[in-house]
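Since the structure comes first, as structure tokens, the remarks are kept for the end.
Position 1 is the first residue of the sequence, and the numbers go up from there.
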Amino acid sequence: MREAVGAQEPAAGGTRLAEERLPDPSVLHLLMPKWLTARARTVQRERGRHVRWVVLGFFGLLFWGFIFGLLYRLLRYFSGVQEIGALLAGKLLGLVLVGFFSILLLSNIITSLSTFFLARDLDLLASAPVDWLTLYLAKLLETLVNSSWMVVLMAIPIFAAYGVVYDGGWAYPLVILGTFLPFLIIPTVIGSALTLSLVNIFPARRTRDILSVIAVLAAGGIVLLFRLVRPERLARPEGFRSLVDFITVLRGPTSAWLPSDWVQGGIMSWLSYEPDPLTYYLLWTTALAGMVLGAMLHRALYFKGFTKAQESAERWARSGGVSRRARALLAPLGVLRRELVLKEVRLFFRDTTQWSQLILLAVLVVVYVFNIKYLPLRGEGVTFFLVNIVPFLNLVLTGFVLASVAARFIFPGVSLEGRTLWLLRSSPMEMRDLLWSKFWVGTLPLLILAVGIVGVTNRLLLVSPFMFWVSTITVVFLTLGIAGMAVGFGTAYPQFETENAAQIPTSFGGLLFMMASIALIGGVVVLEARPVYAYLSAIAFGTEPEPTEMILGFGAAGLLCVGATLIPLALARRRLDVLER
């Protein structure tokens with residue numbers, strides 16, 4: 001009996017020794033697979049990959065140069081204004097940082113749901129011998145990088161312009177790092193804690209829908225509030241009752257209780273050669289305290305929330321009165337085309353991240369119309385040509401809006417089919433029917449939006465009947481061309497494996513589509529500029545306009561839009577026809 005017990009003692013001791021030597025991976029070790037995957041994607045050999053990097057790098061540097069040049073000229077002007085120049089520069093930086101903080105907070109709320117609860121590696125990490133604090137810090141860092149990289153890229157030329165104009169010195173980059181890093185951490189901690197709390201109340205799948213709607217509503221509210229504040233008043237001191245009121249607004253904090261105001265104070269105090277250590281203390285203590293409180297909340301609620309996140313969502317398929325009326329309305333299209341159109345509509349409204357974007361779109365359209373309303377086109381110095389040319393140039397801005405909407409909703413259409421596309425490709429259905437259903441389902445709402453924007457803005461601008469019809473007909477043809485190119489480029493550069501529809505427009509194909517859309521808008525404006533100018537000159541000087549010039553200019557613009565519509569659709573059909581069955 002003693003021998004048996006003695007034989008078991010080494011085994012028990014070995015077990016205890018093994019338990020004591022359990023692996024304790026670090027934060028960097030948990031993030032290493034993400035880093036290796038990202039590095040493998042950048043070095044893998046793929047046809048045309050170097051060309052993509054060259055194009056993306058070129059346009060990235062062009063964007064940086066544009067932002068830097070614009071801010072450099074503006075800040076140089078501010079620096080030449082005595083007494084209030086630095087106040088104007090600080091107020092501008094504060095407004096930019098408030099926008100950054102809002103974007104970061106919304107982005108972290110959405111991103112943390114995926115990194116903490118829906119990521120593919122969580123099944124392995126949750127069952128592995130990983131310390132809870134290590135897991136929290138690793139996922140927090142992953143959330144910070146995924147949600148903040150775009151803001152960092154946008155901030156680089158802005159901070160560079162301030163440093164060049166106000167002579168930040170060799171330590172200026174360290175000042176930026178010491179203020180901007182905690183500025184990035186704070187919204188990450190807040191967003192992760194808010195998402196963790198919501199997941200413990202709602203299922204994770206339903207939480208994603210709720211967060212999408214909340215984020216879009218909040219973003220729309222922020223944009224609308226920013227527009228109603230009318231920050232352009234700061235450039236017009238005569239709009240205030242007295243100079244004292246103007247100086248009071250400039251000296252007052254943009255948002256005293258937000259980290260954006262602390263970053264502004266830290267940077268501007270350094271550039272004014274009067275460093276304020278209180279701002280660094282507020283930023284870093286808030287960031288570190290937020291991490292501690294977030295870690296405590298993570299330890300108390302995370303594993304319960306992660307367990308609830310594994311529950312599958314319930315979905316019920318019902319055929320109500322709306323569906324029956326839609327089938328009756330689309331009956332002339334035939335059974336196949338009718339079902340394809342209904343499929344596109346159902347897929348759109350089934351995904352909350354898709355239809356909730358309409359809320360933000362509506363807010364942006366309201367802000368756009370609001371800006372048009374306050375254009376100074378009445379009073380002294382406003383000529384007949386200016387009143388009529390501004391509505392014509394309004395087509396350019398409307399075209400950019402339409403291209404952005406098409407990139408978000410029409411361009412991903414083929415990619416969102418995913419593996420279902422091979423099922424459709426194997427059926428006896430013509431790919432032409434699939435492409436045209438995607439084209440018309442996306443184009444008709446876009447046409448309503450385009451005609452609505454142009455009609456309302458023309459009414460606000462009190463344009464002549466000639467300019468009204470020119471802008472309306474032109475925007476209709478532009479919409480058809482942009483939608484056709486969206487379907488064509490989306491088919492030529494599909495992203496079938498994507499998990500997020502919002503990432504598809506940011507791909508290389510999305511960049512090419514936006515470039516082609518800008519080229520189309522520029523071509524149409526250039527072709528129509530001469531006949532419009534000739535007609536306005538004839539009206540202004542009481543002569544007869546030349547019909548031949550107008551026919552050639554407008555006809556060439558129409559042919560360009562028709563070609564931009566039909567040629568990409570034909571190439572897209574050929575592209576789908578050669579796919580393997």
Can you measure from [atom1] ([X]) to [atom2] ([Y]) and round to the nearest 0.5 angstrom?
X      : Y      : atom1 : atom2 : result
Arg573 : Leu435 : CZ    : CG    : 9.0 Å
Ile190 : Leu104 : CD1   : CG    : 10.5 Å
Ser517 : Leu478 : OG    : CG    : 9.5 Å
Leu181 : Leu144 : CG    : CG    : 7.5 Å
Leu70  : Tyr72  : CG    : OH    : 13.5 Å
Leu449 : Thr398 : CG    : OG1   : 9.0 Å

Identify the two heavy atoms, one from [X] and one from [Y], that lie closest to each other, and give their separation to 0.1 Å.
X      : Y      : result
Ala161 : Leu71  : CB-CB, 3.8 Å
Ser112 : Thr195 : OG-OG1, 2.8 Å
Met467 : Val532 : SD-CG1, 4.0 Å
Ile410 : Thr443 : CD1-N, 4.3 Å
Val441 : Pro445 : O-CD, 3.0 Å
Ile482 : Phe513 : O-CE1, 3.5 Å

| query | Are Val475 and Leu402 close enough, and set up right, to give a side-chain contact (heavy atoms from CB on, under 4.5 Å), and what steps lead you there? | reply | CA-CA 9 Å; Val475 81; Leu402 296 176; 3.9 Å; yes

| side-chain contact (heavy atoms from CB on, under 4.5 Å) evaluation trace for Leu196 with Phe116 | CA-CA 8 Å; Leu196 176 60; Phe116 277 94; over 6 Å; no

Take a 6.0 Å sphere around [atom1] of [X] and say whether it holds more than 12 heavy atoms from other residues, nucleotides or ligands.
X      : atom1 : answer
Phe180 : CZ    : yes
Met550 : CE    : yes
Phe466 : CZ    : yes

| request: Give a yes-or-no answer on whether the side chains of Thr111 and Ser147 include a donor-acceptor pair shorter than 3.5 Å. | output: no

| Going by distance alone, is a donor N or O of one side chain under 3.5 Å from an acceptor N or O of the other, for Thr143 and Thr115? | yes

| Short side-chain to backbone donor-acceptor contact, Ser148 and Val145, under 3.5 Å | no

| query | Sub-3.5 Å donor-acceptor pair from the side chain of Tyr493 to the main-chain atoms of Leu512, do we have one? | reply | no

| said: Any non-hydrogen side-chain atom of Phe400 less than 4.5 Å from a side-chain atom of Ile518? | reply: yes

| Side chain to side chain, Phe68 and Ile156, heavy atoms closer than 4.5 Å | no

| query | Parallel, tilted or perpendicular for Trp436 and Trp440, by the 30°/60° rule? | reply | parallel

Anything under 3.5 Å between a donor and an acceptor, one on a side chain of residues 483-491, the other on a protein residue two or more places apart or in another chain? List them.
from, atom 1, to, atom 2, distance (Å)
Thr491, OG1, Val487, O, 2.8

| message | Between Phe66 and Leu62, is the side-chain contact (heavy atoms from CB on, under 4.5 Å) condition met? List the steps. | response | CA-CA 6 Å; Phe66 174 76; Leu62 190 65; 5.9 Å; no

| request: For residues Phe183 and Phe100, establish whether the separation of their ring centroids is below 6.0 Å. | output: no

Donor-acceptor pairs under 3.5 Å, side chain of residues 558-569 to any protein atom, not counting sequence neighbours: which ones?
from, atom 1, to, atom 2, distance (Å)
Thr565, OG1, Leu480, O, 3.1
Thr565, OG1, Gly481, N, 3.2
Thr565, OG1, Cys561, O, 2.8

Let me have the donor-acceptor pairs involving side chains of residues 524-531, under 3.5 Å, with sequence neighbours excluded, atom names and distances please.
from, atom 1, to, atom 2, distance (Å)
Glu528, OE1, Thr474, OG1, 3.1
Glu528, OE2, Thr474, OG1, 3.0
Arg530, NE, Glu549, OE2, 2.6

